[in-house]
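Position 1 is the first residue of the sequence, and the numbers go up from there. Just so you know, these numbers use all the heavy atoms, side chains as well, and skip hydrogens, waters and symmetry mates.
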Amino acid sequence: MRLFPRLQADIPVMINTKFTTSEAVMNNISLNGGFVQGSRRNIKVGETLFLKYNLPKYGLFEHSGKIIRKDSAGSAVIFDDLDITKKTKLWQYISDNLHHLNKCPYCGEKYDVLPSVCKNCGWDLAFDSSGYFVYHEKKYLLKKLYSKVENLDVDGIRRLINFTNVDLLKEGISEEFQEFVGTSVVIKEVFSNIRKVAPTDVSVLIRGESGTGKELTALAIHERSTRSSNAFVPINCAAIPENLLEAELFGYERGAFTGAYTSKKGKFEQADGGTLFLDEIGDLSSNLQAKLLRFLENQIVERIGATKGRKVNVRVIAATNCDLEFAIEHGKFRSDLYYRLSAFPINLPQIRGRGEDGIVLAKYFLKKFCREMGGTKDFTEDAVSAIKNYGWPGNVREIINRVRKAIIMADNNLIKPQDLDLDNQEIVVKSEICMKNVWGKVEKKKLKEVLDKCDSNISKAAKMLALSRPTLYRLKKKYGI
């Protein structure tokens, strides 16, 4: 019995970008794969291919596929990296073309008129209903889970139940916020804030530690705004030298300075009609703070060397991991600019403050990277415990890096704490000790280690820790290093 309705088709497909679309054809297609004919390439079972094809009215599709069967007619390919957006579009194409069927596409039971539910296999056959895609995904996953579990012995099922945190299965990744992974109350509050502020043109200030997803949040706001069809232009204010940042932001006219051989648009003009994302806003010099404030007040861009300004329509979203109130107190940041930028503040929580989201994220990225690398791995119970108890100072970025490395380091299909580098004293064990004090000791120790490794070079240490230099200076002062 099939788990996916197949559509007979004749779709030209490009394989690994080396063949013209006339040399290979996908002659049937479903949500999980298709059958490719006409490829002259000497492909083997188990090989992963990159497929590129166009579905009329539904656009271009680019994704990988693994060869699971091959014969003289062609190769059966399974799609192993379709995200929810691609799957939804592919289902729309398939369902819109499933007309005049005289048999159930799942079990083959024949009918004069196709019923709404197959009397033989029980599958719902109302393909044109709005909720069919969600229904199919849920039923398919449950059938797949059952097929895996039914062959386990009692002890195997018990280990599976122990490994799976039942609470995490109560809610999946938000369909509205596919960019984010997490089920905690604090991350849901972020979703709510994004939903509220996105349709407006209010300036947003996103605050959070390095690696918490500030640019992802800014992009989510842009994509849900009325400006989504226009440009989203990001710039990291800490990554560009001060003498070049003004030219990058505001642009310049030909001859404005040595080397300005042609006129150039700045980021503000590039974002006209769209959104400009200013990351690490706390690193702006006082001169650029004044120019930014003037722009926010009149939306007029003055290129370096220009005699007059140009009116643009830009929404500004800023982000920082610095303590801006501290910077204002010490004359490092303008209070008037702060209040203009922070009309709607969004505070991104650290992983250590998101409850079970650490393990949710680790499992999500493990599955994602295993799919990309063509393998299957799981965390041991000790690894799951280590992930839950670790403080994650680098937040989501650190989870990504540790999981990716662990997949490579693991000797077999089970990832242990040492594969994640979580088998040492860095792990913050939950106990009756005040977690705040424990975390402070870990953070101080890590700072000392990195500064020693970099011979106290602040720039190198800040880069290694993914922090801005002002933040690193502040932490040094905090811990008396």
Side-chain angles (χ1 to χ4, degrees), residues 1-11 26-36 55 58 61 63 65-66 68-69 71 76-176 178 183 363-364 367 371 376 378:
M1 184 183 295
R2 293 175 179 169
L3 296 177
F4 295 89
R6 293 185 184 179
L7 176 66
Q8 297 300 313
D10 189 18
I11 304 167
M26 192 144 38
N27 64 6
N28 70 47
I29 190 170
S30 71
L31 275 178
N32 78 322
F35 192 83
V36 180
L55 296 180
Y58 298 90
F61 282 71
H63 57 83
K66 182 181 286 188
I68 58 170
R69 191 180 72 255
D71 57 33
V77 181
I78 187 168
F79 305 152
D80 54 7
D81 69 340
L82 287 180
D83 59 29
I84 194 70
T85 303
K86 288 179 182 175
K87 271 191 173 183
T88 304
K89 286 176 65 178
L90 182 56
W91 173 248
Q92 288 172 350
Y93 169 76
I94 293 171
S95 62
D96 285 351
N97 289 280
L98 287 175
H99 299 308
H100 310 301
L101 291 178
N102 62 357
K103 63 180 180 180
C104 173
Y106 297 104
C107 67
E109 181 77 12
K110 292 185 177 180
Y111 297 97
D112 293 331
V113 178
L114 203 66
S116 57
V117 177
C118 179
K119 64 182 181 182
N120 182 51
C121 65
W123 272 93
D124 189 337
L125 303 180
F127 304 118
D128 57 350
S129 67
S130 59
Y132 195 89
F133 174 76
V134 175
Y135 155 79
H136 179 273
E137 281 285 282
K138 183 175 180 179
K139 188 162 184 176
Y140 159 68
L141 290 172
L142 288 172
K143 283 180 174 289
K144 185 176 180 181
L145 179 62
Y146 180 76
S147 69
K148 297 288 185 183
V149 171
E150 67 176 343
N151 295 321
L152 295 176
D153 57 21
V154 174
D155 188 51
I157 295 174
R158 186 177 291 111
R159 286 201 304 270
L160 177 64
I161 292 172
N162 289 338
F163 179 79
T164 305
N165 185 336
V166 177
D167 289 336
L168 301 183
L169 297 178
K170 291 179 181 175
E171 299 179 68
I173 299 171
S174 167
E175 287 188 17
E176 184 183 355
Q178 293 294 321
T183 60
K363 288 182 177 180
Y364 169 80
K367 182 179 178 181
R371 190 166 60 235
T376 302
D378 286 317

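Closest of all the heavy-atom pairs between F79 and S30 is CE1-O, 3.7 Å. Pairing each heavy atom of L31 with each of I94, the nearest pair is N-CD1, 3.8 Å.
Remark: Q8 CD to L98 CG distance equals 10.5 Å, nearest 0.5 Å. The NZ atom of K367 sits 10.5 Å away from the OG1 atom of T376 when rounded to the nearest 0.5 Å. Taking CG of D10 as the start and CD1 of I29 as the end, the distance is 12.0 Å to the nearest 0.5 Å. In this structure, NZ in K363 is found 9.0 Å from CG in D378, a value given to the nearest 0.5 Å. Remark: K143 NZ to L3 CG distance equals 6.5 Å, nearest 0.5 Å.
Within the 4.5 Å cutoff, side-chain heavy atoms of L125 are placed close to those of P105. For the pair I11 and F61, the minimum side-chain heavy-atom distance is 4.5 Å or more.
In this view, S95 satisfies the side-chain hydrogen bond (donor to acceptor under 3.5 Å, both in side chains) rule with no residue, not counting sequence neighbours. Looking at residues two or more places apart in sequence or on another chain, you find a side chain to side chain contact (heavy atoms under 4.5 Å, CB included) between I68 and A76, I78. When the ring-ring contact (aromatic ring centres under 6.0 Å, His included) test is applied to F4, the partners found at least two apart in sequence or on another chain are H136, Y140. Residues satisfying the ring-ring contact (aromatic ring centres under 6.0 Å, His included) criterion with Y93, sequence neighbours excluded, are Y58.
The salt bridge (Lys or Arg N to Asp or Glu O under 4.0 Å) contacts involving residues 129-138 comprise K87-E137, where partners must be two or more places apart or lie in separate chains. Residues in residues 106-127 take part in these side-chain hydrogen bond (donor to acceptor under 3.5 Å, both in side chains) pairs, two or more places apart or across chains: Y106-Y132.
In this structure, K144 places its NZ atom where only 12 or fewer heavy-atom neighbours from other residues, nucleotides or ligands lie under 6.0 Å away.
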From CA spacing to verdict: side-chain contact (heavy atoms from CB on, under 4.5 Å), D71, F35 = CA-CA 11 Å; D71 57 33; F35 192 83; 3.7 Å; yes
